[in-house]
Asker: 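Have a look at this one before I ask anything.
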Amino acid sequence: MKRAFALGLLLLAAACAAPETAPPVNSEDVMFLQMMIPHHQQGIEIVKQARGKTVPDQLKTLAAAIETTQGDEVKKMMGWLRSWDQPTVAPTSAHAGHGGMPETDREKIGRLARSKDFPRDFLNLLIAHQDDAVQMARIETMNGINPEVKAWADQVGKSREAQIDQMMSLLKTA
């Protein structure tokens, strides 16, 4: 009987406890993810072009790693936005108010497939593309408020900077 009473008190205390609150989210967190999703999708589009091309093994490995990583990151970003009941796509007018970061030029991506010097052109395009990711991540770490998204943005910035360093080294031998 005492056990049942004690258990009842514990259950009542647990029910009365303050509910866990979700980490805060602001418009910068939402916009960062909404802009980073298509950015990642473009990155995947770019690195897929290395398939079937004659490129150094190190470049093929890097392209495959980027494709896998960014595919997983797109799923993560979409999950955050859905959990916050936010659209996964930004309004078309939203870019101007959040840094105006343009997407990678579609014509350049199209020309890459026909490049006479694929490794060099691929590296140059991808370096610029990944630098845009670094810039977007920096904006999030300064203006976002969600601790998980800010920590991930910091990780994105660092990993893309490391990729850029690696690609700059590869560019010297391309």
Asker: Are side-chain heavy atoms of Gln41 and Gln70 found at a separation under 4.5 Å?
Answerer: no
Asker: Anything under 3.5 Å between a donor and an acceptor, one on a side chain of residues 74-89, the other on a protein residue two or more places apart or in another chain? List them.
Answerer:
| unit_1 | atom_1 | unit_2 | atom_2 | d |
| --- | --- | --- | --- | --- |
| Trp80 | NE1 | Glu148 | OE1 | 3.3 |
| Ser83 | OG | Gly79 | O | 3.4 |
| Ser83 | OG | Trp80 | O | 2.8 |

Asker: Examine Met136 and Val47 and state if one hydrophobic cluster contains both, with Ile, Leu, Val, Met, Phe, Trp and Tyr joined whenever side-chain heavy atoms are less than 4.5 Å apart.
Answerer: no
Asker: Between His129 and Ile46, is a side-chain contact (heavy atoms from CB on, under 4.5 Å) present by the stated rule, with each step listed?
Answerer: CA-CA 9 Å; His129 183 80; Ile46 292 167; 4.0 Å; yes
Asker: Side-chain heavy atoms under 4.5 Å apart, restricted to Ile/Leu/Val/Met/Phe/Trp/Tyr: what other residues fall into the cluster of Ile44, or is it alone?
Answerer: none
Asker: Main chain of Ala50, side chain of Lys60: is a donor-acceptor contact present, judged purely on distance under 3.5 Å?
Answerer: yes
Asker: Determine the minimum heavy-atom distance between His39 and Ala133, stating which atoms define it.
Answerer: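 Scanning both residues, the minimum pair turns out to be CE1-CB, 3.5 Å.
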Asker: What pairs of donor and acceptor atoms, side-chain ones from residues 165-174 against any protein atom, are under 3.5 angstrom apart with sequence neighbours left out?
Answerer:
| unit_1 | atom_1 | unit_2 | atom_2 | d |
| --- | --- | --- | --- | --- |
| Ser169 | OG | Asp165 | O | 3.4 |
| Thr173 | OG1 | Leu170 | O | 3.0 |

Asker: Can you confirm whether Asp117 is buried at CG, in the sense that more than 12 heavy atoms of other residues, nucleotides or ligands lie under 6.0 Å from that atom?
Answerer: yes
Asker: Please find the pair of heavy atoms, one from Trp152 and one from Leu33, that lie closest to each other, and give the distance.
Answerer: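 Where Trp152 meets Leu33 most closely, the heavy atoms are CZ3-CD2, 4.1 Å.
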Asker: Does the side chain of Leu59 come within less than 4.5 Å of Phe122's, by heavy atoms?
Answerer: yes
Asker: For a 4.5 angstrom cut-off between non-hydrogen side-chain atoms, does Asn26 reach Asn146?
Answerer: no
Asker: Once rounded to the nearest 0.5 Å, what's the spacing between atom CG of Leu125 and atom CD of Gln42?
Answerer: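 Going from CG on Leu125 over to CD on Gln42, the span is 8.5 Å.
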Asker: What are the two closest heavy atoms between Thr141 and Ala153, and how far apart are they?
Answerer: CG2-CB, 3.9 Å
Asker: Just by modelled atom types, is the Met36 backbone N or O under 3.5 Å from a matching donor or acceptor in the His40 side chain?
Answerer: yes
Asker: Yes or no on salt bridge (charged side-chain N to carboxylate O under 4.0 Å, His left out) for Arg51 and Glu45, after CA distance, side-chain angles and deciding distance?
Answerer: CA-CA 11 Å; Arg51 294 179 188 168; Glu45 182 182 346; over 6 Å; no
Asker: For Val134 and Val156, what are the C-alpha separation, side-chain angles and deciding distance, and is it a side-chain contact (heavy atoms from CB on, under 4.5 Å)?
Answerer: CA-CA 7 Å; Val134 171; Val156 165; over 6 Å; no
Asker: Has Asp29 got a side-chain atom pairing as donor or acceptor with Ile145's backbone, closer than 3.5 angstrom?
Answerer: yes
Asker: Considering all heavy atoms of both residues, which atom of Glu28 and which atom of Glu140 are nearest to each other, and what is their separation?
Answerer: O-OE1, 3.2 Å
Asker: Please tell me if the side chains of Lys150 and Asp154 come closer than 4.5 Å, counting only heavy atoms from C-beta onward.
Answerer: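 With C-beta onward as the side chain, the pair stays apart.
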Asker: Using the rule that Ile, Leu, Val, Met, Phe, Trp and Tyr join whenever any side-chain heavy atoms are under 4.5 Å apart, tell me whether Ile37 and Ile109 fall into a single cluster.
Answerer: no
Asker: Once rounded to the nearest 0.5 Å, what's the spacing between atom CG of Asp72 and atom CD of Glu67?
Answerer: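 Asp72 CG to Glu67 CD: 10.5 Å, rounded to 0.5 Å.
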Asker: Determine the minimum heavy-atom distance between Pro91 and Gln34, stating which atoms define it.
Answerer: CD-OE1, 4.4 Å
Asker: With rounding to the nearest 0.5 angstrom, report the CG to CE distance, Asn143 to Met31.
Answerer: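 The distance works out to 12.5 Å.
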Asker: Would you check if Lys108 and Asp121 make a side-chain contact, meaning some heavy-atom pair closer than 4.5 Å?
Answerer: no
Asker: Are the charged groups of Glu107 and Arg114 less than 4.0 angstrom apart, N to O?
Answerer: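 Result for this pair is no, no salt bridge flagged.
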Asker: Between Gln49 and Phe118, which heavy-atom pair has the shortest distance, and what is it?
Answerer: O-CZ, 3.4 Å
